[in-house]
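Everything on this sheet refers to the single structure shown next.
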Protein chains: 2
Amino acid sequence: MEYTVQKLGRLAGVSSRTLRYYDEIGILKPARINSSGYRIYGKKEVDRLQQILFYRELGVDLNCIKEIVTSPTFDAGSALREHHQKLLEKRKQLDMLIANVEKTMAWQEGRIEMKDQEKFEGFKRQLVEENEKKYGKEVREKYGDETVDRSNRKMMNMSQEEYDETMRLAEEITDVLAEAVRTGDPAGELAQKAAALHKQWLMFYWDDYSPEAHAGLAQMYVDDERFTAYYDKKQPGAAKFLRDAIHIYTGIQK
Amino acid sequence: MEYTVQKLGRLAGVSSRTLRYYDEIGILKPARINSSGYRIYGKKEVDRLQQILFYRELGVDLNCIKEIVTSPTFDAGSALREHHQKLLEKRKQLDMLIANVEKTMAWQEGRIEMKDQEKFEGFKRQLVEENEKKYGKEVREKYGDETVDRSNRKMMNMSQEEYDETMRLAEEITDVLAEAVRTGDPAGELAQKAAALHKQWLMFYWDDYSPEAHAGLAQMYVDDERFTAYYDKKQPGAAKFLRDAIHIYTGIQK
DNA sequence: TATTGACCTTTACGTTACGTAAAGGTGTAG
DNA sequence: CTACACCTTTACGTAACGTAAAGGTCAATA
């Protein structure tokens, strides 16, 4: 049950250099040093290395791993449950990639059409997975899985032109919104134009628009600091302002 | 259908720096440079980027990717089929990791036993996956799926002590073999000792030893350059010598 | 027309997680 | 007593970008 660097390395499938490096940065210290200065690892270290490798597999950098595993509140059990969750997500993403390859093969054989954006499905953690990760939970909680799935489906089926149009609209919204904020009047013409544009944009993603849901989303822009940050980036206070404008536009207060 | 660095980056989920870097190392050149010196990418570049990202996802380093995609014999179709194959393998490995987490959770709750080596299943590309990849196909062809599966199963169920013993035996084989090679006599005492040790080692993996299979494996050590390289590393000619010794030991020529 | 501000450019140094080589001590088998 | 496979530390190298600096481009706005 005692291992030297190379033996533990062979066991875990990492190099001895890696283990020395992990010792150096304080992420995995050997149980003891023998009389000749050799690093000797025991049972506890084996388990710790396993944890480290799980995190590494998930792309966590060693600095973060260090903070996690050296934390006094570190709980191996909950960490494992988290690993499990993340690995399942990763498999989902892998499945998307596989679907992508199959689709691309069909496209190459001329059997189907394929838009540029579709060619990167599964790669784009930030647009699909990351987006889902960041906002997905809350959005799913507030609007239900069905709405979100439908929205994603709709986006997948958008043509390049439609997609470009949503991008253009999103830009126009922030532009008009920034200008409207400077008028200071959420009931004014510019503010109402921004709200209308926002509705148009939204209708690309929702196939059943309702003023209630629109007003609810506007409120979320304020409640959720990540949305707030997005809109406030160009103009501080823009998120709140947009909410007010939409509440007036829809005639609904949340 | 024309993209600047940032637009293509957003489309594919990579940074603009990445695209400039890919230009720099000659892996993905823009379709043209406009009058202001901007990089402009077109349809062909989109497809090529997709191919690059597939390779990247599979852990191929950019140098290799460059050689692959710039090769005049590069065929996108067969590349895609290869991607598909590799991605399926990756998913298999991911499933092993997930199984590992589940097992570890059960172990933590005291519901099952778990050996140290089991804790790294799914990580060890080189021992299980890599091994299977390198030798698996040929071995499965020559000995059948059943033998290989049984062998893997047997290895999985080995105790730590048994596992250590196989390691020790493997070392002893190469040692004795190297010495035997220097005698030059495959029928000599040392050579026959090496063959006997090799049988012992083999019996840890096969549960029904037969001289025929043993002789066949010995022949494969010579036929397959990767096995040859392993045995010849310590002593040139060791693989051939071992085959001869085993053929004498078993009394069977292949 | 001048000024933002978000784009783009090149140059260049920084970073992560090790690989690899050098120079030297250790331990055991022949 | 010599080989040889281990171990050690020190230190420089590397891949694939990230990031910052210094500056040109372009469309919209004051």
Side-chain angles (χ1 to χ4, degrees), chain A residues 2-10 12-28 30 32-41 52-53 55-57 59-66 167-168 170-172 174-183 190 233-235, chain B residues 2-10 12-28 30 32-41 52-53 55-57 59-66 167-168 170-180 182-183 189-190 193 233-235:
Chain A
E2 298 217 311
Y3 301 94
T4 59
V5 264
Q6 204 157 160
K7 281 186 185 166
L8 181 56
R10 269 203 303 263
V14 300
S15 72
S16 50
R17 172 65 171 107
T18 297
L19 292 176
R20 289 195 199 96
Y21 182 64
Y22 287 176
D23 181 7
E24 187 187 332
I25 63 173
I27 209 175
L28 180 69
R32 60 188 181 83
I33 306 283
N34 78 2
S35 57
S36 317
Y38 290 17
R39 291 172 180 80
I40 308 292
Y41 298 90
I52 291 170
L53 293 186
Y55 281 111
R56 192 179 72 164
E57 182 71 21
V60 182
D61 64 282
L62 297 184
N63 232 318
C64 291
I65 296 182
K66 182 179 180 179
M167 288 308 201
R168 210 194 49 70
E171 279 173 39
E172 198 179 345
T174 47
D175 289 350
V176 172
L177 184 59
E179 208 187 332
V181 169
R182 286 192 291 272
T183 70
L190 271 170
K233 199 178 66 182
K234 235 199 146 177
Q235 186 85 354
Chain B
E2 298 217 307
Y3 302 93
T4 60
V5 264
Q6 204 158 158
K7 281 185 185 168
L8 181 56
R10 269 203 304 263
V14 301
S15 74
S16 49
R17 173 71 230 260
T18 298
L19 292 176
R20 288 196 199 96
Y21 182 63
Y22 288 178
D23 182 6
E24 188 187 330
I25 63 173
I27 207 175
L28 179 69
R32 60 187 181 84
I33 307 283
N34 78 1
S35 58
S36 314
Y38 291 17
R39 291 172 179 80
I40 308 292
Y41 299 89
I52 291 170
L53 294 186
Y55 281 111
R56 193 180 70 165
E57 182 70 22
V60 181
D61 63 284
L62 297 185
N63 233 319
C64 293
I65 296 182
K66 184 179 178 178
M167 287 307 199
R168 208 195 51 71
E171 280 173 37
E172 197 178 346
I173 290 169
T174 47
D175 290 349
V176 172
L177 184 58
E179 208 186 334
R182 284 191 292 272
T183 70
E189 198 187 329
L190 272 171
K193 187 183 171 191
K233 199 178 67 182
K234 234 198 147 178
Q235 185 85 353

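Letters A, B, ... are given to chains in the order of the sequence lines, protein chains preceding strands, and every chain is numbered from 1.
- Taking atom CD of B/E24 as the reference point, atom P of C/dT10 lies 9 Å away to the nearest angstrom.
- Minimum heavy-atom separation, A/K66 to A/G26: CE-O, 4.1 Å.
- In this structure, B/T4 OG1 and B/R39 CZ are separated by 11.0 Å, a value rounded to the nearest 0.5 Å.
- Atom CD1 of A/I33 is separated from atom P of D/dC7 by 13 Å (rounded to the nearest Å).
- In plain terms, the two heavy atoms of B/I27 and B/I65 that are nearest each other are CD1-CG2, 3.7 Å.
- When all heavy atoms of B/L53 and B/A12 are compared, the pair lying nearest together is CD1-O, 4.0 Å.
- In this structure, CG of A/L19 is placed 15 Å from C1' of D/dC6, rounded to the nearest angstrom.
- We find that CZ of A/R39 is positioned 14 Å from C1' of D/dC6, with the value rounded to whole Å.
- The minimum heavy-atom distance between B/P30 and B/I40, with the atom names listed, is CB-O, 3.5 Å.
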Check your understanding: What string of B, S and - do you get for nucleotides 15-26 of chain C, 5' to 3', if B is base contact, S is sugar-phosphate-only contact and - is no contact with any protein heavy atom under 4.0 Å?
Key -> --BBBB----BB
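- Residue-level contact check: A/R20 touches the bases, meaning some heavy atom is under 4.0 Å from a base atom.
- As a whole-Å value, the separation of A/E2 CD from D/dC6 C1' is 17 Å.
- Counting only heavy atoms from C-beta outward, the side chains of A/Y55 and A/L62 never approach each other to under 4.5 Å.
- Atom pair A/N34:CG and D/dT8:P shows a separation of 9 Å (rounding to whole Å applied).
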